[in-house]
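For clarity, every value in this text was computed on a predicted model and none was experimentally measured. We use all heavy atoms of the structure for the numbers below, so side chains are in, but hydrogens, waters and symmetry mates are not.
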2 protein chains.
Amino acid sequence: MNHSPTKPHHHGALRVALIQAGIDILQTDGLHGLTLRKCAARAGVSHAAPAHHFDGLVGLKGAIAHHGLSLFREAMLAASADAGDDLAQLKGICRGYLDFAAAQPALFRLMFGFEKHEHRKVSVELDDDLAYEILREACAPFVRDDLPAPILEAQVWSLIHGYATLYLSGNFLRELHALPQQEAFEQVMTALDRMVTR
Amino acid sequence: MNHSPTKPHHHGALRVALIQAGIDILQTDGLHGLTLRKCAARAGVSHAAPAHHFDGLVGLKGAIAHHGLSLFREAMLAASADAGDDLAQLKGICRGYLDFAAAQPALFRLMFGFEKHEHRKVSVELDDDLAYEILREACAPFVRDDLPAPILEAQVWSLIHGYATLYLSGNFLRELHALPQQEAFEQVMTALDRMVTR
DNA sequence: TATAAAACTTGACAGTGTCAATATTACATA
DNA sequence: TATGTAATATTGACACTGTCAAGTTTTATA
């Protein structure tokens, strides 16, 4: 056996190849450009191969989102690596959140853009715990008796997620974005101070 | 002339009919189900008619989003109609924000889901001022020297928009949604108190 | 009424997801 | 090692999609 045991046959690591192809296509052609057939072509397989590994297009998107969440997690971790106190840590994670959305807008939209009827097909692939854990840990130091963890986490997550998605929507928050991006972000994130301090 | 002067010919008010058809289809079939040909069929015209009035599919989506924003505005106004003080007014608007997203998820996603390369085609249709004005006015009483209007508006909007979109995403904020929806909303919105009070 | 413009139709095209049928490969078991 | 079986990928087909060019009908204008 000179083959890797995890290399089933023909192409071998087709699953990862298709996911990577999908991420590349998202970056190049946007969310609309993501196509089973284009992924297949880029991975060098027949047009119907992707629908086999993943359960149709929704399945592929779920797998891409799953992998995207791990990239997302890494981006947030990296952005908060050299943080001083707890608040700087939290803000660093938010910075990583926004930067990831800005760097990979189509992937970001894909991750959070599933419709309700798709949830059942995707929920197995898309365990948010992976990325959510980062946020949860960053929020932990600020939990108080009158501010339980799930509430605080929802508040912080809503703030940064809303800011990131509105940022991607472009047309909105125009007045704010008269400021340079970095300053606008910091100004908006001053809301975190108020949320977190008694 | 027994015809209305604004009734050009054949169908007449095809534009509004197509937009309404689109909104109906969004409600029934979701964002993926929205199709030029289905809108045409529902309005009783040929399959290529919609691409004429609006500049292709993106143009139709832009027109639908434009009309959706006016519905959005009305929903927020209605939800804050019987509000007491300024803070109750602001929270009422946020309540309307969430309720609209929950009631018309596909339309809501459409309104905020345009990609960057589509902005040019859509920006003419999609002047956010219509709906943004509501939020701006509700924020106005809380503007201070150290909290300029654009910043405060961005903070409030990010919070409610993030919460609404995460709510639609379903898989996320699971812990929070162990609470009843109404209470979860109110708990998260306590962040507004902290944002707004000195 | 004659002419032009606008609105809509028709027909065609390439591209899409999905599915059934088929061929190929890998692996387990004898 | 030989054989059978399941997994893996291919092929071909289908209905559906957006878009476009060309043609037809209606409205408006002069």
Side-chain angles (χ1 to χ4, degrees), chain A residues 1-19 21-22 25-26 28-64 106 110 113-115 117-118 120-122, chain B residues 1-19 21-22 25-26 28-64 106 110 113-115 117-118 120-122:
Chain A
M1 292 242 188
N2 45 4
H3 287 57
S4 161
T6 58
K7 189 176 180 181
H9 71 308
H10 286 175
H11 183 289
L14 216 179
R15 190 181 173 91
V16 272
L18 286 173
I19 291 176
I25 291 173
L26 281 175
T28 310
D29 304 349
L31 197 48
H32 279 92
L34 180 66
T35 281
L36 283 174
R37 293 170 116 102
K38 276 203 268 190
C39 289
R42 186 177 270 254
V45 291
S46 74
H47 69 262
H52 243 270
H53 290 256
F54 317 98
D55 189 14
L57 178 61
V58 178
L60 172 62
K61 284 183 174 175
I64 292 175
L110 174 67
F114 290 100
E115 300 195 50
H117 67 91
E118 300 172 323
R120 191 169 301 161
K121 263 194 177 179
V122 170
Chain B
M1 289 246 188
N2 46 4
H3 286 56
S4 162
T6 58
K7 190 175 181 182
H9 72 308
H10 286 176
H11 182 289
L14 216 178
R15 190 181 173 92
V16 271
L18 286 173
I19 291 176
I25 291 172
L26 280 175
T28 310
D29 305 349
L31 197 48
H32 279 92
L34 180 65
T35 282
L36 284 175
R37 290 171 117 103
K38 276 202 268 190
C39 289
R42 186 178 270 255
V45 290
S46 75
H47 70 262
H52 239 266
H53 290 255
F54 317 99
D55 190 12
L57 178 62
V58 178
L60 173 62
K61 284 183 175 175
I64 292 175
L110 173 67
F114 291 99
E115 300 195 50
H117 67 89
E118 301 172 323
R120 191 169 302 159
K121 262 194 179 181
V122 170

Measure from the side chain of A:His47, starting at C-beta and using heavy atoms only, and say which of C:dC8, D:dA9, C:dT18 lies closest.
-> C:dT18
Donor-acceptor pair under 3.5 Å: do we get one between A:Arg37's side chain and the base of C:dG15?
-> no
Does a side-chain heavy-atom distance below 4.5 Å link B:Asp55 with B:Lys121?
-> yes
Length of the line joining B:His52:NE2 and C:dA5:P, which is rounded to integer Å | 15 Å
Rounded to the nearest Å, what distance is computed from the CG atom of residue A:Leu31 to the C1' atom of nucleotide C:dT16?
-> 15 Å
Are any of the side-chain heavy atoms of B:Phe54 and B:Arg15 separated by less than 4.5 Å?
-> yes
Side-chain contact test, heavy atoms from C-beta onward, threshold under 4.5 Å: evaluate it for B:Ile64 versus B:Leu110 and give yes or no.
-> yes
With side chains defined as the heavy atoms from C-beta onward, is the minimum distance between A:Ile25 and A:Thr35 less than 4.5 Å?
-> no
What nucleic acid atoms does B:Ala48 come within less than 4.0 Å of, heavy atoms only: base, sugar-phosphate, or nothing?
-> base
Atom-pair distance (NE2 on A:His32; P on C:dG17), nearest Å = 12 Å
Where the side chain of B:Ser46 is concerned, which of C:dT10, D:dT10, C:dT16 is the nearest nucleotide?
-> C:dT10
Could you tell me the separation between the CG atom of A:Asp29 and the C1' atom of C:dG15, rounded to a whole number of Å?
-> 13 Å
Starting at atom NZ of A:Lys38, determine the distance to atom P of C:dT16, rounded to an integer number of angstrom.
-> 6 Å
Given atom CG of A:Leu60 and atom P of C:dT16, what is their separation to the nearest angstrom?
-> 14 Å
Could you state the atom-to-atom distance from CZ of A:Arg15 to C1' of D:dA7 in whole Å?
-> 14 Å
Integer-rounded Å distance: C:dC8 C1' and B:Leu14 CG = 8 Å
Candidate list B:Leu14, B:Val45, B:Ile19, B:Leu60, test side chain to side chain contact (heavy atoms under 4.5 Å, CB included), partner B:His53, passing option | B:Leu14
Closest to the side chain of A:Leu36, out of C:dT9, C:dT18, D:dT19, is C:dT18
Given C:dG17, D:dT17, C:dC8, the nucleotide with the shortest approach to the side chain of A:Leu57 = C:dG17
